[in-house]
Enquirer: 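Dropping a structure here in structure tokens format, bear with me for questions.
As the structure lists them, so they are numbered: ligands from 1, and atoms in each ligand from 1.
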Amino acid sequence: MRVSAGVRSDVGRVRRRNEDAYLVQDPVYAVADGMGGHRGGDVASTMSLEALEAADIAGRGAPALTAAIRTANRAVLERGEADRELSGMGTTITAVLVQGDRAHLAHVGDSRAYLFRDGALRQLTEDHTMVQEMVRRGQLTPAQADNHPQRSIITRALGAEGDLDVDELAVDLRPGDRLLLCSDGLSGMVSDAAIAGALTEAADPQAACDRLVEMANEAGGDDNITAVVIEALRADVVGAVEGDGADRAGAVEGDGADRAGVDRAEAGPDGAHHLEPVVAAEASDDHRAPHRRRRLVVALVVLALLLAGAYAGVRAYVGRQWYVGVSDGKVAVFNGVPVSFAGVHLSHVETPTDLPASQAEALPLWHGLSDGISARSKDDAIAIVEQVRTDLCSTSNVGCAGGTVTPGPTPTPGPTLTATGTAPATLSPSRTGASP
Ligand code: MG
């Protein structure tokens, strides 16, 4: 089946660099979302797509797509180990090989593939994220996961460990179908309903990509945004665009440059020949693996990421979070989030105090201390502690002599959390569970 593709990648409105990369090299298409400090994110996403570009995937079929991703994984891992500056880098990848009427997908991380058919949008890939894991375990609803502050923490990435689990699935394309590959800078900012609306209205794949990126930016553009749209052409359209560059190879770019669509086609009247009625997203063997094994794998991957000093590799989000909680019976300022995953605490005490937690918790305003009282910033957390002190002093004459909390060094947010050699402070994990 002939396809037409469009692509757009944008740095967004907050980040300084675009660490997303894409590959548009008919019949192979991919999006990668790099992570890691300094230039690590760039390098990881670009390297991985170069590995796909170099592999003869078109000639060898779907197994070659997965094999190329595993090759890319080892390349990213080795480069990260060899170059201190790149230590802990990683990347997601969501890739498609169009072969005949079938689209083969391979996927690691939280970049997504969607199928847009007959006006309906369906997410084909499952995010490899902590919150998705919690949804699977029944601890969160999908709606809660969508808005969860830790939704960006991923549990699988290229560059994390040598043995990579790759999800594989396949879809039989019908004329008029659109496949969307995107980084979380789109899916995290724009609802599925709005994405479906854009795909309905856009005249061609490039217009769809342009509109989707625009919508993510309108929503705040918190992250890098990349969208690749691949359209299965109707038979009557194929003739019109035949020879019009449909096979043009796309370049890997990581600098936010836009790229024009591979080709454009006016949507013609519905040919209504649905050549392949089967629409089955097929789970790979990995997909059918028992939950228990999968949980173990996820836990091990998370631990491997942590142990490899790749904490920023699971996103720097945690390092920018603050809360007031309890440590050793005393009120304390924490950096991180008050949750544990796979036995690893995602926070550490930033500033201890002398304030007794039990007495503070006896006050109505502060009874939630054990669960953690979230703060907007470190200063905000310190202000909360001072309010606790004031309340304790006035009600029970406790803590009155204490001074102002002495702020420790404020960790630089973002990628500097990628440890290069030393374990990042936020992760000094006290492991209670699956320690290797
Ligand atoms: Mg991203």
Side-chain angles (χ1 to χ4, degrees), residues 7-23 29-49 72 76 88-95 107-114 123 125-132 145-160 180-192 195 209 212-229 252-258 305 310-321 413-418:
V7 60
R8 182 145 172 208
S9 186
D10 190 88
V11 70
R13 295 197 168 159
V14 175
R15 304 289 177 90
R16 278 174 302 177
R17 306 166 66 93
N18 190 350
E19 298 185 329
D20 286 357
Y22 60 83
L23 180 67
Y29 305 86
V31 166
D33 179 353
M35 62 208 88
H38 310 292
R39 20 183 215 110
D42 272 355
V43 173
S45 59
T46 305
M47 271 183 78
S48 67
L49 296 191
V76 172
M89 69 176 175
T91 185
T92 71
I93 195 164
T94 299
H107 159 70
V108 175
D110 68 349
S111 298
R112 290 181 175 177
Y114 291 93
Q123 186 179 330
T125 51
E126 182 175 76
D127 295 346
H128 301 138
T129 58
M130 195 175 79
V131 295
Q132 184 57 41
D146 283 346
N147 298 307
H148 199 281
Q150 282 100 51
R151 63 182 179 276
S152 301
I153 297 178
I154 63 172
T155 51
R156 240 197 264 181
L158 276 70
L180 165 65
L181 311 183
C182 66
S183 61
D184 66 335
L186 174 65
S187 56
M189 301 300 293
V190 180
S191 70
D192 285 4
I195 289 174
C209 292
L212 289 168
V213 166
E214 190 177 76
M215 288 162 69
N217 273 322
E218 284 166 3
D222 287 352
D223 195 359
N224 305 145
I225 311 148
T226 300
V228 172
V229 172
V252 177
E253 297 178 17
D255 60 358
D258 293 343
L305 285 169
Y311 187 51
V314 283
R315 309 288 160 98
Y317 173 85
V318 174
R320 294 195 297 270
Q321 308 307 307
T416 49
L417 275 176
T418 303

Enquirer: Could you tell me whether any N, O or S atom belonging to Asp110 is less than 2.8 Å from the Mg ion (ligand 1)?
Expert: no
Enquirer: Do any of the N/O/S atoms of Asp184, backbone or side chain, fall under 2.8 Å from the Mg ion (ligand 1)?
Expert: yes
Enquirer: Nearest 0.5 Å please: distance from the CG atom of Asp10 over to the SG atom of Cys209.
Expert: 12.0 Å
Enquirer: Given Asp127, which of Arg112, Arg151, Arg156 fulfils the side-chain hydrogen bond (donor to acceptor under 3.5 Å, both in side chains) condition?
Expert: Arg112
Enquirer: Is the Mg ion (ligand 1) under 2.8 Å from any N, O or S atom of Asp223?
Expert: yes
Enquirer: From the N, O or S atoms in Asp33, identify the one nearest to the Mg ion (ligand 1).
Expert: OD2
Enquirer: Side chains of His128 and Thr155: any donor to acceptor distance under 3.5 Å?
Expert: no
Enquirer: Kindly compute the distance separating CG (Asn224) from CZ (Arg15), expressed to the nearest 0.5 Å.
Expert: 6.0 Å
